[in-house]
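The structure appears below as structure tokens.
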Amino acid sequence: MARGKLRIHLGAAPGVGKTYAMLSEAHRRVERGTDCVVAFAEHYDRPRTEAMLHGLEEVPRRRLEYRGAARTEMDVDAVLARRPQVALVDELAHTNVPGSRNAKRWQDVEELLAAGIDVISTVNIQHLESLGDVVESITGVRQQETVPDEFVRRADQIELVDMSPQALRRRMAHGNIYAPDKVDAALSNHFRPGNLTALRELALLWVADRVDEYLKQYRSEHRVSAIWGSRERIVVGLTGGPEGRTLIRRAARLAEKGAGGEVLAVYVAGTDGLTSASPKELAVQRTLVEDLGGTFHHVVGDDVPAALLDFARGANATQIVLGSSRRKAWQYVFGPGVGATIARESGPDLDVHIVTHEGAAKGRGLPVARGARLGRARIIWGWAVGLAGPPLMTVLLGTVHLGLANDMLLLLTVTVAAALLGGLLPALASAALGSLLLNYFSTAPLHRWTVADPKNIVAIVIFVWVGVSVASVVDLAARRTHQAARLRAESEILSYLAGNVLRGETSLEALLERVRETFGMESAALLERGDHQAPWTCAGRVGVGPPVERPEDADVDVPVGDRLALALTGRVLPAADRRVLAAFAAQAVVVLDRRRLQEADRARTLAEGNRIRTALLAAVSHDLRTPLAGIKAAVSSLRSDDVAWSEEDRAELLEGIEDGADRLDHLVGNLLDMSRLQTGTVTLIIRETDLDEVVPMALGGVPADSVTLDIPETLPMVAVDAGLLERSVANLVENAVKYSSDGTPVLVSASALAGRVEVRVVDRGPGVPDEAKERIFEPFQRYGDAPRGAGVGLGLAVARGFAEAMGGTLDAEDTPGGGLTMVLTVRAAEDRDSARPESSAGPAPPTAGGPSPKHPAQPERQAS
């Protein structure tokens, strides 16, 4: 089944006429005989919009109850059953009422498109997900309803519904958008001229970028190489020198003069042309161009002028900005330079600006041909000298007789010149030809190919050997220089790539785009399969027409292990480029693994949150209902006129109400404490405190005869937050009393050891196995068969959280003879320099002291 087509009417703000334009398009299609229905449209009591609904078939909406009110949403099933050719769906970013088929309306639209139904929809620019922060900075309001940019970008058509801010405000003032009682507030808030102008600019730029994507796709599909000056794109050629900052600023000023101007800074890591770059300076220039709204690009190319021109034509650039050459006048004998070459070969559609700077004409640090292999021109000159030089020199020597030694030296000079210019082969030819001419014209017997004197034979052999040796050295030096320059270019790219990946600054798609851009390819994709028999799946792709079925369909494929392959289309790369490409492929796998780890971590976090929420609901559902039910029953009984309650009965019922309220207060207090711990909002006030002042107050929620207190008066003071310490000890004591054997009091003792003070809460209960000692401190855990009414399992979690917040510890140990001992360790006041400093910011935390004496403790042992 063919996928339906999506058309979106995009506006800058409510009221510009998106829904009206959508309905007008529907009427035009109906008049042409198209089966078109209104799946969902809102007229908001706007008469003209409401009138446009007349004559169009509307699919009945689905009614849902939410918070006691009836709501209506689009009935996706009804639309699918009706199966029109075109469905109108208003407000693409709308969040559906809970209980709907999908959470978001754009997901409903996705189902319609998958079913082959064309959809016409509407959305405001403020609802695009990527623009949330920008819109909030403009309007001061964070949009809660958003739609993913990618979904909108995949639309087959995007039509901008535009209106000037002044016209929109007039519509608002005339009551054509909101009700009269809301007009003043809207005009002074969201519909301020500045807000509307900024939102309009966002919409225009977003649509312009989308049009630019269409244009790039069209040019790529139709292989259009000519430059179309639809907008000003300025390419800045960087060398890594300090003049790059001047060039970037000049290009930014040029871009500002044109509508939608764009700056693309390019550094060519090649083997000739531009001088070697300073990584530090390149980093500064990258930051500068990005701050000015441009982009930085790092490409590889042996021929710098050709690389810059290819990049400019591929980006559909209209101008190139280059710096004046740093070479001195005499250095131009080596060639016209990058700027002159680009200006000559740019053609009529690409303007070239040569910008002067302080370093112009002051000399280069390195020769022009830094690390280049012998170029074609040098090889041609080498052959010319090697083949024509010996005969010309022989003719010259025939007129001036200088002797054999001088003749050999002059012919050797010609051979060395051929070697320096053309390398090994021209030098070999020169040496061979020169030795033959020397033998024929300069050694006895003359004009014969024989040598009478053996000494002359040695001289000729030495002559050939010297020529070949010099030629070999020149050729080897050129090759090694080329290899070193290429390796340097590769290392610059790889170090830049590795730095971005290690810092987590590169997504998989961005990395693939970097691969495509660096090697001048049309598309790049990372393919993956589960095993050797499974089909390939695409983990990420960029460009036009990437291979998504198998790597063999690509022009270049680099396997990474048994399950992954990097596939590129566009041209066949030489073997020398595959080493860098293999490094890119390995980095792509690293990025993919990191993305999946992040997704797994988010999934784990969501699962943990769901587990805690489920445990919270399961635990609280009973613990909240029980005291509430008791309070309600007691209140209902007291208000009943059918029973005459005695004073004793009334006192008992009131006591039950108070007990239930205290239980609720204790439960809510623990929940709030746990939420503060998990969100990191606990505010500490660390002071010198005497345990004699804190621990007795923590025992107010338990019967007096259930606890034995042993706090020596000689103990040092402790550096703690008194409220948090009181709550921690109270939870520990309540938990211990709950599990202690009948008639056996809980012992609370304290002792000092090496700058720390330990508070021990000892019970004689059943104890806890070693494997469960850490689990009992987890939230929403109960140990053993603790009854539901015994709490929600937060007491020990809160106690440990408060202890750690104060820089202390809380651990569980076995009590000798049976039972469990909780050991709470805090810092002594003498060691307060290492304790956490007193917080002076924010209000003091609510007193974390234990329950009041009226408050019957609800102790809870966690696993409590």
**Study point:** Non-hydrogen atoms of Val268 and Ala307 that approach each other most closely
**Key:** CG1-CB, 3.9 Å
Could you pull out every donor-acceptor pair under 3.5 Å between side chains of residues 158-165 and any protein atom, sequence neighbours left out?
unit_1, atom_1, unit_2, atom_2, d
Glu159, OE1, Arg7, NH2, 2.4
Asp162, OD1, Arg200, NE, 3.0
Asp162, OD2, Arg200, NE, 3.2
Asp162, OD2, Arg200, NH2, 2.8
Ser164, OG, Ala167, N, 3.2

Check your understanding: Does atom CH2 of Trp381 have more than 12 heavy-atom neighbours, drawn from other residues, nucleotides or ligands, at distances under 6.0 Å?
Key -> no
Review point. Within the distance-only criterion (no hydrogens, no angle test), does the side chain of Asp118 pair as donor or acceptor with the backbone N or O of Lys5 below 3.5 angstrom?
Key: yes
Exercise for review: Considering non-hydrogen atoms only, spot the tightest contact between Leu10 and Trp206 and give its length.
Suggested key: CD2-CE3, 3.9 Å
Point to revise | Distance-only donor-acceptor check, side chains Asn195 and Thr139, under 3.5 Å | key: no
Practice item. Only counting residues at least two apart or in another chain, list the ones meeting ring-ring contact (aromatic ring centres under 6.0 Å, His included) with His297. Key: Phe311
Check your understanding: Does Thr318 use its side chain to pair, donor to acceptor, with the backbone of Arg233 at less than 3.5 Å?
Key -> yes
**Study point:** No-hydrogen, no-angle side-chain donor-acceptor test under 3.5 Å, Ser523 and Thr569
**Key:** yes
Review point. Glu345 and Thr341: side-chain donor and acceptor closer than 3.5 Å?
Key: no
Practice item. Of all the heavy-atom pairs spanning Leu247 and Val236, show the shortest one and how long it is. Key: CB-CG1, 3.6 Å
Check your understanding: Side chain of Asp351, backbone of Gln319: donor and acceptor closer than 3.5 Å?
Key -> no
Practice item. Sequence neighbours left out, what passes side chain to side chain contact (heavy atoms under 4.5 Å, CB included) with Ala417? Give chain and number order. Key: Val385
**Study point:** Under 3.5 Å: donor-acceptor pair, side chain of Asp149, backbone of Ser130
**Key:** yes
Check your understanding: Yes or no on side-chain contact (heavy atoms from CB on, under 4.5 Å) for Ile354 and Val352, after CA distance, side-chain angles and deciding distance?
Key -> CA-CA 7 Å; Ile354 305 297; Val352 179; 4.0 Å; yes
**Study point:** Residues Arg596, Glu528; criterion salt bridge (Lys or Arg N to Asp or Glu O under 4.0 Å); working and verdict
**Key:** CA-CA 13 Å; Arg596 289 179 173 171; Glu528 180 182 26; 2.4 Å; yes
Review point. Thinking salt bridges, do Glu513 and Arg516 make one under a 4.0 Å N-O criterion?
Key: yes
**Study point:** CA sep, side-chain torsions, deciding dist, call: Leu202, Val134, side-chain contact (heavy atoms from CB on, under 4.5 Å)
**Key:** CA-CA 9 Å; Leu202 279 180; Val134 180; 3.9 Å; yes
Practice item. Under the side-chain contact (heavy atoms from CB on, under 4.5 Å) rule, what do Asp555 and Leu568 come out as? Steps first, then yes or no, please. Key: CA-CA 6 Å; Asp555 295 322; Leu568 298 93; over 6 Å; no
Practice item. Please step through side-chain contact (heavy atoms from CB on, under 4.5 Å) for the pair Ser430 and Leu387, ending with a clear verdict. Key: CA-CA 6 Å; Ser430 178; Leu387 296 177; over 6 Å; no
